[in-house]
Undergrad: 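One structure follows; several queries about it will come next.
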Number of protein chains: 2
Amino acid sequence: MELVPLLKNSLLFSGLNDADLASLAAITVRRSFAKGETLFSEGDEATGFYLLVSGHLKLCRVSSDGREKVLHFVRPGETFAEAAFFGDGRYPAESRALEAGEALFLPRQGFMNLMEKNPQFALNLVVSLSLSLRRFARQIEELTFADVASRLASFLIKRASEQSTSYNGITYLELGIKKGELAAQLGTAGETVSRTFRKLKEEGIIELDGRKVTVLNMDRLQQLATRQA
Amino acid sequence: MELVPLLKNSLLFSGLNDADLASLAAITVRRSFAKGETLFSEGDEATGFYLLVSGHLKLCRVSSDGREKVLHFVRPGETFAEAAFFGDGRYPAESRALEAGEALFLPRQGFMNLMEKNPQFALNLVVSLSLSLRRFARQIEELTFADVASRLASFLIKRASEQSTSYNGITYLELGIKKGELAAQLGTAGETVSRTFRKLKEEGIIELDGRKVTVLNMDRLQQLATRQA
DNA sequence: CGTCTTATTGATGGACTTCAATCTAGGTGG
DNA sequence: CCACCTAGATTGAAGTCCATCAATAAGACG
């Protein structure tokens with residue numbers, strides 16, 4: 001597949017004309033990866049950032065005893081590690097593949113040159129960084145104030161807003177990730193996620209079958225999500 | 001005082017020549033504030049960002065029942081709320097003054113114009129956003145993995161690296177904020193901070209007198225900070 | 001010197017982690 | 001086709017950390 005249409009998929013490169021996209025394509029390096037592969041680790045020297053074309057990735061911080069907190073799941077069309085090479089030149093998190101796929105690598109120096117020539121590149125990057133910052137601020141708030149039930153409810157609602165089908169006020173959605181990964185994103189243990197799901201079932205708010213979730217009472221789920229422990 | 005030298009204080013505007021600074025000064029609005037004043041609240045429409053000249057501010061998220069988590073303390077020379085007006089146009093946190101002072105307001109539209117004309121503005125902003133992102137990633141990690149003792153130790157070490165005097169391996173530092181504010185930054189309750197300080201005293205790691213801290217055993221403090229509960 | 005805010009301390013309960021055992025589902029090879 | 005294997009998920013029991021409530025103590029300040 002041609003590069004330019006792939007680049008267009010990203011929010012980060014919207015609003016660019018064909019000439020800009022061509023100069024972007026000129027510095028782009030394609031990189032495919034296998035399931036389970038680590039693209040980069042926390043602390044690695046950051047020589048550029050990425051745009052995910054296909055597959056599924058997570059960005060996470062890993063504690064010294066091996067537990068991990070997922071900062072963000074990356075889906076095709078999203079850029080990631082944009083923050084990386086402007087601070088101290090090291091990646092602040094680890095990137096690991098949940099499903100095999102392909103990413104486009106945008107080298108630091110080349111992209112810097114583009115930004116100097118065309119402010120639109122920099123403006124888009126600023127927008128993208130702002131969005132990440134907002135997401136992180138929200139995560140910090142949730143970790144500080146909200147209990148696991150509330151965070152799980154928030155997750156389900158977000159997931160429903162991304163992809164779900166509704167019928168008669170009942171919403172069907174897929175988790176899209178293993179429950180262990182979900183736990184790592186919520187900042188808790190897998191066991192706790194199990195127990196919390198069970199509580200939601202017992203209260204008649206959801207049904208659960210594997211990774212398939214049926215939301216029976218969206219109102220109460222919303223209440224849970226906003227109620228701050 | 002003249003505007004231009006004030007602007008120069010900020011990392012964000014380093015590397016700008018006099019002409020750039022002049023055009024920046026042209027769009028800058030001065031705003032002074034009293035102790036306890038709220039410059040903006042979470043969700044307010046964001047029409048620009050700020051550079052703190054004097055005084056002391058905190059940026060925080062407030063839960064529905066009034067508890068707050070301090071995301072960051074802002075000191076003179078720092079910019080804040082840069083993330084604000086590039087996302088959905090709302091401030092993602094609340095800004096409240098701990099000490100009276102003055103800030104420079106950089107309006108959105110004016111700054112956008114500058115960025116379009118001169119990429120250096122945008123590049124600096126990208127760097128600044130990246131640093132915030134890195135800080136947030138670290139906070140998320142700490143909230144997820146580290147207990148209060150570890151987070152407090154990290155805080156003391158950071159504080160020591162900013163401002164302290166050392167003699168014979170013993171380090172003297174000032175908290176610089178009330179313990180209640182410290183608790184809000186660590187994401188815990190004031191009572192827990194008290195108890196954790198006491199534990200550190202009982203173990204002979206620190207001495208405490210009001211806001212003055214004496215670190216007797218920096219090694220063990222480091223261990224506490226890195227050990228991920 | 002009283003008043004108001006901030007800090008400390010004790011007691012209690014709840015939420016979550018951890019360890020360990022069991023259960024389930026999906027994939028593989030005999 | 002089915003038994004087996006393994007990774008993931010669930011459940012139970014025990015213990016830890018922390019929040020909360022309530023009461024006291026200590027500073028700050030007019």
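In what follows, chains carry the letters A, B, and so on, assigned in the order in which the sequence lines appear, proteins first and then strands, with residues in each chain numbered from 1. Because only heavy atoms are used, hydrogens play no part in the values below, and waters and symmetry mates are left out as well, while side chains stay in. In this text, all values refer to a predicted model and were calculated from it rather than measured experimentally.
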Undergrad: Without decimals, in angstroms, what is the distance between A:Asp147 CG and D:dC18 P?
TA: 17 Å

Undergrad: Without decimals, in angstroms, what is the distance between A:Glu202 CD and D:dT11 P?
TA: 9 Å

Undergrad: Please pick, from C:dA15, C:dT17, D:dA22, the nucleotide with the shortest atom-to-atom distance to any side-chain atom of B:Glu191.
TA: D:dA22

Undergrad: Nearest 0.5 Å, please: how far is CG in A:Leu59 from OH in A:Tyr91?
TA: 11.0 Å

Undergrad: Starting at CZ of B:Phe145 and ending at C1' of C:dC16, how long is that distance when rounded to a whole Å?
TA: 15 Å

Undergrad: May I ask you to decide if A:Pro92's main-chain N or O and A:Arg61's side chain share a donor-acceptor pair within less than 3.5 Å?
TA: yes

Undergrad: Scan B:Val148 against the nucleic acid and name what it touches under 4.0 Å (heavy atoms): base, sugar-phosphate only, or nothing.
TA: sugar-phosphate

Undergrad: Where does the angle between the aromatic ring planes of A:Tyr50 and A:Phe40 fall among parallel (under 30°), tilted (30 to 60°) and perpendicular (over 60°)?
TA: parallel

Undergrad: Side chain of B:Arg195, heavy atoms from C-beta onward: which of C:dA15, C:dG10, D:dT11 has the nearest atom to it?
TA: C:dG10

Undergrad: Could you please name the option among D:dT10, D:dA13, D:dC18 that lies closest to any side-chain atom of B:Arg151?
TA: D:dC18

Undergrad: It should be established whether A:Arg67 places a side-chain nitrogen or oxygen under 4.0 Å from OP1 or OP2 of nucleotide C:dT18.
TA: yes

Undergrad: Would you say a side-chain N or O of B:Thr192 is under 4.0 Å from OP1 or OP2 of D:dA19?
TA: yes

Undergrad: Respond yes when some side-chain nitrogen or oxygen of B:Lys178 is under 4.0 Å from OP1 or OP2 of C:dT6, and no when none is.
TA: yes

Undergrad: Can you tell me how far P of C:dC16 sits from CG of A:Leu143, to the nearest Å?
TA: 12 Å

Undergrad: What's the CG-P distance between A:Leu175 and D:dG8, to the nearest Å?
TA: 15 Å

Undergrad: From B:Thr79 OG1 over to B:Leu104 CG, what is the distance, rounded to the nearest 0.5 angstrom?
TA: 11.0 Å

Undergrad: For B:Gly180, which contact category applies under a 4.0 Å heavy-atom criterion: base, sugar-phosphate, or nothing?
TA: sugar-phosphate

Undergrad: Using the rule side chain to side chain donor-acceptor pair (under 3.5 Å), only one of A:Glu94, A:His72, A:Glu181, A:Gln185 pairs with A:Lys58; which is it?
TA: A:Glu181

Undergrad: Mind checking the CZ-CG spacing from B:Arg151 to B:Leu143? Nearest 0.5 Å is all I need.
TA: 5.5 Å

Undergrad: If I take atom CD in residue B:Glu142 and atom P in nucleotide D:dC18, what distance separates them, rounded to the nearest angstrom?
TA: 13 Å

Undergrad: Give a yes/no on whether any side-chain N or O of A:Thr188 is located under 4.0 angstrom from OP1 or OP2 of C:dT17.
TA: yes

Undergrad: B:Lys35 NZ to D:dA28 C1': how many Å, rounded?
TA: 10 Å

Undergrad: Would you indicate, yes or no, if D:dT11 has its OP1 or OP2 atom less than 4.0 angstrom from a side-chain nitrogen or oxygen of A:Arg198?
TA: yes

Undergrad: Please state how far atom NZ in B:Lys201 lies from atom P in C:dA7, giving the value in whole angstrom units.
TA: 13 Å

Undergrad: Can a donor-acceptor pair under 3.5 Å be found between the side-chain atoms of B:Arg211 and the base atoms of D:dG27?
TA: no

Undergrad: Which nucleotide, D:dT20, C:dT8, C:dT17, lies nearest any side-chain atom of B:Lys179?
TA: C:dT8

Undergrad: Among D:dC18, D:dA13, D:dT10, which nucleotide sits nearest the side chain of A:Ser194?
TA: D:dT10

